[in-house]
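All values below come from the heavy atoms of this structure, side chains included, with hydrogens, waters and symmetry mates left out.
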Amino acid sequence: MANRNTRKTLISLATIAVVLLVIAFIIRNIAIGWAPSRDQYPVQGISVDASNGDIIWHVAGATGVDFAYIQATDGSTKRDPKFAANIKGAREAGIRYGALHNYSLCRLATDQATMFVTTVPRGDNMLPPAVRLAFDNGCGDRPGRALVLSELNMFLNQIEAHSEKPAILAVSREFEEMYNISSGIDRTFWLEANFFPPDYATKPWVMWRASDMRRISGVDGPINWNVVRP
């Protein structure tokens, strides 16, 4: 009897495990194919960097990519090795594109601005520059809010003089919670949250990174999928 009960328990556990695996597979497939409704958000696009490999831009465009933000620089020492190839590919595919900078709390604003303006070409056809504000595992500095706002304003003034366009700030929830950037700097904001619109800033978002799981033709691996508020 004990052996029979043990066997039934094992069969039940195995059945539950299989069901859970099937459910996980279904949820994963839904997640990697999901994007917000075009009826609600007609303009949708991606943000990419070298980790996305060699992008086949005309194929990506055919999947509904209206625009792309392409990482150009990181801090004051790193240029994305795929930046030039990516803006060329996006331009040839007829996809609007802009440059993205990863801002570092461990580097001087002026040095980061120099890296950006010497990497990103000036062009009327480019989207406004985007600046990502998020904590980096390689940088443990957490300066006071006043210093962060002062340095960030200095950085923005320099890259905006180069691009001749006001920047958009892509702020993570954690960064916003610590520094309240949206109350300290008057810019357009790009917030992030998978599947559900974010509300963690004091200003309404203009761009929303709606998924970092989506997969599309022409790009290897998961992609950051973004929408523009109408």
Keeping the roles fixed (side chain from D141, backbone from P143), state whether a donor-acceptor pair exists under 3.5 Å.
no
Examine the side chains of R79 and T119 and answer whether a donor and an acceptor come within less than 3.5 Å of each other.
yes
Lys/Arg cation over aromatic W34: R214, 6.0 Å, 45° cone
no
Distance in Å, T188 OG1 paired with I168 CD1, rounded so as to fall on 0.5 Å steps:
6.0 Å
Do any N or O atoms from the side chain of K165 and from the backbone of M126 form a donor-acceptor pair under 3.5 angstrom?
yes
Nearest heavy-atom approach of S104 to Q112 is O-NE2, 2.8 Å
So if you build clusters from Ile, Leu, Val, Met, Phe, Trp, Tyr with side-chain heavy-atom gaps below 4.5 Å, do L149 and Y200 land together?
yes
Under the salt bridge (charged side-chain N to carboxylate O under 4.0 Å, His left out) criterion, do D66 and R38 qualify, and how do the steps go?
CA-CA 11 Å; D66 301 313; R38 290 273 179 177; 2.6 Å; yes
Tell me the closest heavy-atom pair linking C139 and L105, and the distance in Å.
SG-C, 3.8 Å
Looking at every heavy atom in both A90 and I70, which two are closest together, and how far apart are they?
CB-CD1, 4.2 Å
Should the heavy atoms of other residues, nucleotides or ligands under 6.0 Å from CZ of R91 be counted, would the total exceed 12?
yes
Check: S182/T202 side-chain N/O donor and acceptor closer than 3.5 Å
yes
With no hydrogens and no angle check, do the side chains of S183 and N180 hold a donor and an acceptor under 3.5 Å apart?
yes
Side-chain donor-acceptor pair under 3.5 Å between R96 and N125, yes or no?
no
N52 side-chain N/O to D49 backbone N/O, donor-acceptor pair under 3.5 Å:
yes
Joint cluster assignment, M178 & I181, ILVMFWY side-chain distance < 4.5 Å:
yes
Would K203 and E176 pass as an ion pair if we require N to O under 4.0 Å?
no
Can R107 and D136 be counted as an ion pair, charged N to O under 4.0 angstrom?
no
Under a 3.5 Å cutoff, is there a donor and acceptor pairing between the side chains of E92 and W57?
no
Give a yes-or-no answer on whether the side chains of W208 and N226 include a donor-acceptor pair shorter than 3.5 Å.
no
Fit a plane to each ring of Y179 and F175, take the angle between them on a 0 to 90° scale, and name the class: parallel (under 30°), tilted (30 to 60°) or perpendicular (over 60°).
tilted
Is there a donor-acceptor pair closer than 3.5 Å between any side-chain N or O of E174 and the backbone N or O of F135?
no
In plain terms, say whether D220 and R215 are close enough for a salt bridge, that is, a side-chain N and a carboxylate O under 4.0 Å apart.
no
I216-Y69 co-clustered via ILVMFWY side chain contacts under 4.5 Å:
no
Quick one: does Q71's side chain have a donor or acceptor within less than 3.5 Å of a partner on A99's backbone?
no
Is it the case that more than 12 heavy atoms not belonging to D54 sit under 6.0 Å from its CG atom?
no
Taking the side chain as C-beta and beyond, is there a heavy-atom pair between N224 and I46 under 4.5 Å?
no
Using only atom types and a distance under 3.5 Å, with no angle test, would you say the side chain of D80 pairs donor to acceptor with the backbone of T73?
no
On the 0 to 90° scale, with breaks at 30° and 60°, tag the F116-H101 ring pair as parallel, tilted or perpendicular.
perpendicular
Drop me the distance from I55's CD1 to I95's CD1, to the nearest 0.5 angstrom.
9.0 Å
Verify whether the ring centers belonging to Y97 and F67 lie closer than 6.0 Å.
no
Which of parallel (below 30°), tilted (30 to 60°) and perpendicular (above 60°) describes W205 and Y41?
tilted
